[in-house]
Number of protein chains: 2
Amino acid sequence: MSLRMALLGVLSAYGSASGYDLTKGFERSVAHAWQAGHSQIYPELAKMTADGLVTVEAEGARGRKIYSITPEGRAELRAWLIGHDPTGPARSEIALQAFLLPLLDPGEALAVLERLKTYAERKLAELEALWAAKHASPVPEGTSGVRFGDLALDLGIRHTRTTLQWVNDAMAQLERRA
Amino acid sequence: MSLRMALLGVLSAYGSASGYDLTKGFERSVAHAWQAGHSQIYPELAKMTADGLVTVEAEGARGRKIYSITPEGRAELRAWLIGHDPTGPARSEIALQAFLLPLLDPGEALAVLERLKTYAERKLAELEALWAAKHASPVPEGTSGVRFGDLALDLGIRHTRTTLQWVNDAMAQLERRA
DNA sequence: GATTGACATGTCAGAACTTACATGTCACCT
DNA sequence: AGGTGACATGTAAGTTCTGACATGTCAATC
């Protein structure tokens, strides 16, 4: 269901887009909130068309199909946003490795943490670059006067910063014991 | 693969356990890092037995099967921890709703944020209770001198606090505009 | 003696997801 | 004219995950 809502949402923000656009859009903007490859997106768009949530507005060059959201699609999205109780992320390999870390001796554990740190630093840089790029050029605003995706991006940046701080503290703690 | 590693890890920490124990253990301790229900755990244990990573050490009352990790299992787990590049969480309904929030008008958006806040508060209370419970009674330490799962739990608590702070700031921002 | 509820293990259908395969268009460069 | 690479859409096989169904044991309560 969530993939559906993500697609409806991005389509709603873009006005109209092709499956290809949506795939790229996912890579760029929604990636930190929801991931999906084209092999998941194309079939889902077909199903959503069958369900009347989106329509093929036009067919462009190179077989390009331009989708747009229907009133039913808009209604479904609204209902989900307002009525659905969301859950936080259920699976994180980082958290899992953190969980299992005490199985290793301090030297090895430190090496694993070092890698987690690299990961977090790279990710933070990516997200901050995205933020900077977004705020350099004007972007459509939503009904609430907030730029589209800004809240989620902010959340992603904060989470990544928290991870980074955690990894630093964990390393310091381990070094104290070694 | 990650489910496998989570099971090997918990088994390694517990010494030995049944599928039922592992299911409960997942609910209690690893839930914030990796989730799995019994319908996933039982078949996976069977496969792991076939692959020689765990063995049925004994069969207890009520058809209870007690598993323990084999040297091969231990090796596999170590190799994964040391060699596998982990990824952060890929999907979060919370982040997705945050992303889509600008589709709603300020009043509705505020209501959604209110719900996210409740979610984060409840989760934080849960995790902190878990922490308190763990630190009230002695728990086996790992090789690195750190209590099992403490690092991951700490990470979970920090992430939840970050989410809570974010939601408060987002609400304040929206209220300023309304 | 019957019922309730935690203990305990499984299967199955369907949904969601990943990875690889497959095909073709169009613009630009050499 | 040929090659490269971004554009563009799909399919298929296999894995993972969810939610529901199914079955039986044992201890304690009523």
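By convention in this document, chain letters (A, B, ...) are assigned in the order of the sequence lines, proteins followed by strands, and residues within each chain are numbered from 1.
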Next item on the list: Taking atom types as modelled, find out whether A:Ser92 and B:His32 have a side-chain donor-acceptor pair closer than 3.5 angstrom.
Entry: no
Notebook entry, point to check: Can you tell me how far P of D:dT18 sits from CG of A:Leu3, to the nearest Å?
Noted result: 16 Å
Margin query: If you take any heavy atom closer than 4.0 Å to DNA chain D, which residues from residues 76-101 of chain B end up in contact?
Written below: none
Notebook entry, point to check: Contacts to DNA chain D from residues 19-49 of chain A, heavy-atom cutoff under 4.0 Å, which residues?
Noted result: A:Gly19, A:Tyr20, A:His38, A:Ser39, A:Tyr42
Note to self: To check you understand the geometry: which heavy-atom pair defines the closest contact between A:Glu72 and A:Gly52, and what is its length?
What the structure shows: OE1-O, 3.0 Å
Item checked: Pairing of A:Glu108 and B:Arg78 as salt bridge, 4.0 angstrom limit -> yes
Next item on the list: Considering only NZ, NE, NH1 and NH2 on the basic side and carboxylate oxygens on the acidic side, decide whether B:Lys24 and B:Glu27 come within less than 4.0 Å.
Entry: yes
Note to self: Applying side-chain contact (heavy atoms from CB on, under 4.5 Å), can you list everything that pairs with B:Ser39, at least two apart in sequence or on another chain?
What the structure shows: none
Check: Looking at A:Asp169 and B:Arg158, does any basic side-chain N land under 4.0 Å from a carboxylate oxygen?
Finding: yes
Checklist line | Nonpolar side-chain network containing A:Tyr42, other nodes, edges under 4.5 Å | finding: A:Tyr20
Item checked: Interface with DNA chain D, restricted to residues 52-69 of chain A and to heavy atoms under 4.0 Å -> A:Arg62, A:Gly63, A:Arg64, A:Lys65
Checklist line | Contacts of type ring-ring contact (aromatic ring centres under 6.0 Å, His included), residue A:Trp80, not counting sequence neighbours | finding: A:His84
Item checked: Heavy-atom closest pair, residues B:Val146 and A:Pro102 -> O-CB, 3.5 Å
Margin query: With a 4.5 Å cut-off on side-chain heavy atoms, are B:Glu128 and B:Arg161 touching?
Written below: yes
Checklist line | Interatomic distance, A:Arg4 CZ vs C:dA16 C1' [rounded to whole Å] | finding: 12 Å
